[in-house]
Amino acid sequence: FVYNYTLNNFKNEGDIFEIGTFAGAITQSLALGSLDFNPNIYTVDKFIWDNDKKKKFTNLNFEVDDDFFPYVNNKLSHLKNIKIFKCNFTKIKPERKIELMFIDAPKRMKYVIELIKIFSSFWIENRTKLLFEDYNQFLSYELPATLFPITKKFKFSSDTSGIVLAEVLNNKINNSDYSKMDIRKWNAEEIVSNWNEIIEVGDNKNFLEKDISIFMHLFDNGFMSDAISFSKERSINFEKYKHKNKFNERYLNKL
């Protein structure tokens, strides 16, 4: 999808940024899809191996906390005009306008807000496209919720691969917007009300589960009794999520 999307939509009106390089497969897709122009492509990752990577990629001989930057750097060395940053994305400062971004890292509220603050002024209205990986990944409901107050600044759609596309219609984000994006300040009524609208954004209802998202959001905001009452009212079947260790640790074990 990323290769074909870049090939058919990139017009060389700005740079390409990737947040979350990992092993470089998407980086290569972006580069090959834009070969007609050879644009500046910037990609950033901390390149620190962790427990999740060790479990998922047993074929790669890395230990937890290993630096795998040399491995990725070598994998991408044949491609032109790519600059790889080994750091947190918050350390990056773009120099030119950005036409295309692939975002596979910030999913928690504070990092989503950081990303908007750093990059939004470099987006081109009615041209820049944001491709979100794991936009609606279970447990991490924060990305679609945090973007909800500025939903009208984008046109959302999704691909069968699960990648969510946000076309930038307006890149003006003000202090009032950022205040509303602080989902930890939403009260219990706002959480329920906002999620009734969040689920209708783009194709969210095809991927997100509204009730469990509301439960987790209420819980994380400290409204424990409201979360429990809501789960009973909506007859949430927690058995469905028990195979998720993080869900057990974060929610079920504390009920």
Side-chain angles (χ1 to χ4, degrees), residues 1-3 5-22 24 26-47 76 79-135 142-144 146-158 163-182 201-202:
F1 170 77
V2 173
Y3 166 76
Y5 186 85
T6 306
L7 184 68
N8 294 313
N9 293 277
F10 184 75
K11 304 301 181 185
N12 205 31
E13 296 179 10
D15 292 339
I16 295 177
F17 265 81
E18 178 188 21
I19 311 298
T21 317
F22 184 48
I26 294 296
T27 318
Q28 178 158 280
S29 298
L30 292 165
L32 295 178
S34 60
L35 270 182
D36 285 348
F37 302 107
N38 282 324
N40 295 309
I41 299 176
Y42 302 95
T43 184
V44 58
D45 200 294
K46 291 189 289 187
F47 297 104
L76 297 175
L79 299 169
K80 297 179 180 179
N81 299 338
I82 292 179
K83 183 170 183 179
I84 308 173
F85 294 92
K86 183 181 179 295
C87 63
N88 191 300
F89 79 90
T90 58
K91 306 296 183 183
I92 299 296
K93 179 68 174 176
E95 297 178 0
R96 288 171 291 275
K97 293 296 183 180
I98 299 169
E99 183 181 346
L100 182 63
M101 289 190 74
F102 186 89
I103 302 166
D104 186 28
K107 299 177 181 69
R108 304 300 293 270
M109 178 194 76
K110 65 178 182 178
Y111 297 119
V112 175
I113 291 175
E114 283 270 17
L115 181 136
I116 302 291
K117 286 182 175 179
I118 293 169
F119 293 99
S120 60
S121 62
F122 295 90
W123 295 340
I124 308 165
E125 293 184 349
N126 299 307
R127 168 49 59 190
T128 298
K129 309 295 194 302
L130 313 178
L131 303 177
F132 288 98
E133 176 76 12
D134 295 332
Y135 176 92
E142 296 186 30
L143 175 54
T146 304
L147 289 179
F148 171 65
I150 58 172
T151 292
K152 292 183 179 179
K153 298 181 186 291
F154 306 93
K155 179 183 177 183
F156 286 95
S157 59
S158 59
I163 291 174
V164 171
L165 168 66
E167 302 178 52
V168 177
L169 305 178
N170 184 332
N171 70 345
K172 305 299 187 295
I173 318 292
N174 57 42
N175 289 334
S176 173
D177 293 323
Y178 287 120
S179 179
K180 293 173 184 175
M181 290 167 70
D182 187 347
V201 174

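Bear in mind that the values here come from a model prediction, so they are computed numbers and not experimental data.
For Lys180, the NZ atom is loosely surrounded, since the number of other residues' heavy atoms within 6.0 Å does not exceed 12. The number of heavy atoms from other shown groups lying within 6.0 Å of OH (Tyr111) does not exceed 12. Counting non-hydrogen atoms of neighbouring residues, nucleotides and ligands closer than 6.0 angstrom, the NZ atom of Lys97 exceeds 12 such neighbours.
Ile16 places none of its side-chain heavy atoms less than 4.5 Å from the side chain of Phe37. With a 4.5 Å cut-off on side-chain heavy atoms, Ile118 and Pro94 count as touching. The closest side-chain heavy-atom distance from Glu133 to Ile103 is not below 4.5 Å. Under the 4.5 Å side-chain criterion, counting only non-hydrogen atoms from C-beta, Asn12 is not in contact with Ser34. For the pair Ile19/Phe102, no side-chain contact is recorded, criterion being any heavy-atom separation below 4.5 Å from C-beta on. Taking the side chain as every heavy atom from C-beta outward, Leu131 and Phe1 approach each other to under 4.5 Å. For the pair Ile84 and Phe47, the minimum side-chain heavy-atom distance is below 4.5 Å. A 4.5 Å side-chain heavy-atom check between Ile116 and Tyr178 finds at least one atom pair inside the cut-off.
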- Item | Stepwise side chain to side chain contact (heavy atoms under 4.5 Å, CB included) test for Leu143 and Val164 | CA-CA 11 Å; Leu143 175 54; Val164 171; over 6 Å; no
- Item | Check against side chain to side chain contact (heavy atoms under 4.5 Å, CB included), Ser158 and Leu165 | CA-CA 6 Å; Ser158 59; Leu165 168 66; over 6 Å; no
- Item | Check against side chain to side chain contact (heavy atoms under 4.5 Å, CB included), Val2 and Ile163 | CA-CA 9 Å; Val2 173; Ile163 291 174; 3.7 Å; yes
- Task: Go through Asn9 and Thr6 one step at a time and tell me if the side chain to side chain contact (heavy atoms under 4.5 Å, CB included) criterion holds.
- Result: CA-CA 5 Å; Asn9 293 277; Thr6 306; over 6 Å; no
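One finds the CG atom of Asn40 at 13.5 Å from the NZ atom of Lys80 (value rounded to the nearest 0.5 Å). The CG atom of Leu79 sits 6.0 Å away from atom CG of Leu32, with the distance rounded to the nearest 0.5 Å. Here CZ of Phe154 is found 9.0 Å from CG of Asn170. Values are rounded to the nearest 0.5 Å. Atoms OG1 and CG, on Thr43 and Leu76 in that order, are 7.5 Å from each other to the nearest 0.5 Å. In this structure, CG in Leu115 is found 10.5 Å from CZ in Phe17, a value given to the nearest 0.5 Å. The NZ atom of Lys93 sits 9.5 Å away from the CZ atom of Phe119 when rounded to the nearest 0.5 Å.
At distances below 3.5 Å, at least one donor-acceptor pair connects side-chain atoms of Lys107 with backbone N or O atoms of Asp104. Proximity of a side-chain donor or acceptor of Thr21 to a complementary backbone N or O of Val44 within less than 3.5 Å is detected. Without hydrogens or angle criteria, Asp177 side chain to Asn174 main chain gives a donor-acceptor distance under 3.5 Å. Judged by distance alone, with hydrogens and angles left aside, the side-chain atoms of Glu142 form a donor-acceptor pair with the main-chain N or O of Met109 at under 3.5 Å. Glu167 contributes no side-chain N or O that, together with a main-chain N or O of Phe156, makes up a donor-acceptor pair within less than 3.5 Å. For the pair Asn171 (side chain) and Ser120 (backbone), a donor-acceptor distance under 3.5 Å is present. No side-chain donor-acceptor contact under 3.5 Å links Asn81 to the backbone of Ile41. Between the side chain of Asn88 and the backbone N or O of Lys91, no donor-acceptor pair lies under 3.5 Å. Between the side chain of Ser179 and the main chain of Ser176, no donor-acceptor pair closer than 3.5 Å is present.
Taking the charged nitrogens against the carboxylate oxygens, Lys172 and Glu125 do have a contact shorter than 4.0 Å, which makes a salt bridge.
Residues Phe122 and Arg96 come closest through the heavy atom pair CD2-O, 3.3 Å. The minimum heavy-atom distance linking Met181 with Thr146 is given by the pair CG-O, 3.2 Å.
Geometrically, Lys129 does not engage Tyr5 in a cation-pi contact, judged by NZ or CZ lying under 6.0 Å from the ring centre and within 45° of the ring axis.
Side-chain atoms of Thr128 and Glu99 form no donor-acceptor pair, as typed in the model, at a separation below 3.5 Å.
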